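Report on the structure given below.
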Amino acid sequence: NDNATKKATIGGSSYYERNIPGQHEMMVLQNSEGLAMLIRSTVNSFYARFMITPEGTAQLKKLLQAPYDAPHEVEVLFSNPAPNPAVQAIMNQRRR
């Protein structure tokens with residue numbers, strides 16, 4: 001089939017259907033090799049550029065980081081579990 005030959009070379013999907021009296025033909029072809037090659041080459045390039053060396057990772061962080069993403073001073077507002085005053089009083093009496 002000509003469709004099968006084209007799909008083998010360019011990839012993609014095709015659907016063919018034909019109805020004749022007493023017969024119904026249907027053919028579905030799919031080749032995802034082209035998509036797989038695109039994903040593989042994109043991910044390989046990304047890793048080669050940004051993930052293999054510390055300099056590449058630093059470059060990626062610089063590209064993705066917004067000014068307010070940088071670390072700031074941290075102030076603890078709440079600690080869990082919060083100290084229970086009754087438990088603290090008992091603990092203080094035991095320490096004496």
Side-chain angles (χ1 to χ4, degrees):
N1 187 332
D2 191 41
N3 279 339
T5 305
K6 288 180 181 176
K7 290 295 162 262
T9 58
I10 61 173
S13 299
S14 70
Y15 173 82
Y16 168 80
E17 185 173 6
R18 180 171 76 164
N19 287 312
I20 54 177
Q23 189 176 3
H24 177 82
E25 290 182 11
M26 178 179 76
M27 180 173 62
V28 178
L29 297 171
Q30 181 160 350
N31 182 339
S32 58
E33 187 176 341
L35 178 60
M37 286 175 31
L38 173 65
I39 291 171
R40 185 180 319 118
S41 63
T42 302
V43 171
N44 287 345
S45 294
F46 173 81
Y47 269 85
R49 183 170 180 187
F50 296 115
M51 303 305 285
I52 292 177
T53 64
E55 295 82 16
T57 305
Q59 182 184 11
L60 179 63
K61 285 181 183 178
K62 186 176 180 182
L63 288 170
L64 297 177
Q65 194 173 39
Y68 293 108
D69 288 341
H72 296 286
E73 290 183 25
V74 176
E75 178 183 347
V76 177
L77 301 176
F78 178 77
S79 176
N80 193 14
N84 183 329
V87 173
Q88 288 296 324
I90 294 169
M91 295 301 289
N92 289 336
Q93 286 178 356
R94 289 185 181 172
R95 288 185 191 144
R96 293 181 194 170

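Because the structure is predicted, anything quoted here is derived from the model rather than measured.
- The two atoms that bring Met51 and Leu60 nearest to each other are SD-CD2, 4.1 Å, heavy atoms only.
- Hydrophobic cluster membership differs between Met37 and Leu29, with clusters built from Ile, Leu, Val, Met, Phe, Trp and Tyr side chains linked at under 4.5 angstrom.
- A distance of 12.5 Å separates CE in Met26 from OH in Tyr16, rounded to the nearest 0.5 Å.
- The hydrophobic cluster containing Leu63 also contains Val43, counting ILVMFWY residues as joined when their side-chain heavy atoms lie under 4.5 angstrom apart, directly or transitively.
- Although no hydrogens or angles enter the test, the distance criterion places a donor-acceptor pair under 3.5 Å between the side chain of Thr53 and the main chain of Gly56.
- Once rounded to the nearest 0.5 Å, the distance linking CG of Leu38 with CD of Glu33 reads 12.5 Å.
- Put simply, CD on Gln23 and CZ on Arg18 are 6.5 Å apart, with the number rounded to the nearest 0.5 Å.
- Counting heavy atoms of neighbouring residues, nucleotides and ligands inside a 6.0 Å radius, atom CZ of Phe46 exceeds 12 of them.
- Hydrophobic clustering, with ILVMFWY side chains joined whenever heavy atoms are under 4.5 angstrom apart, groups Leu64 together with Tyr47.
- Separation of atoms CZ (Arg49) and CG (Asn44) is listed at 15.0 Å; rounding is to 0.5 Å.
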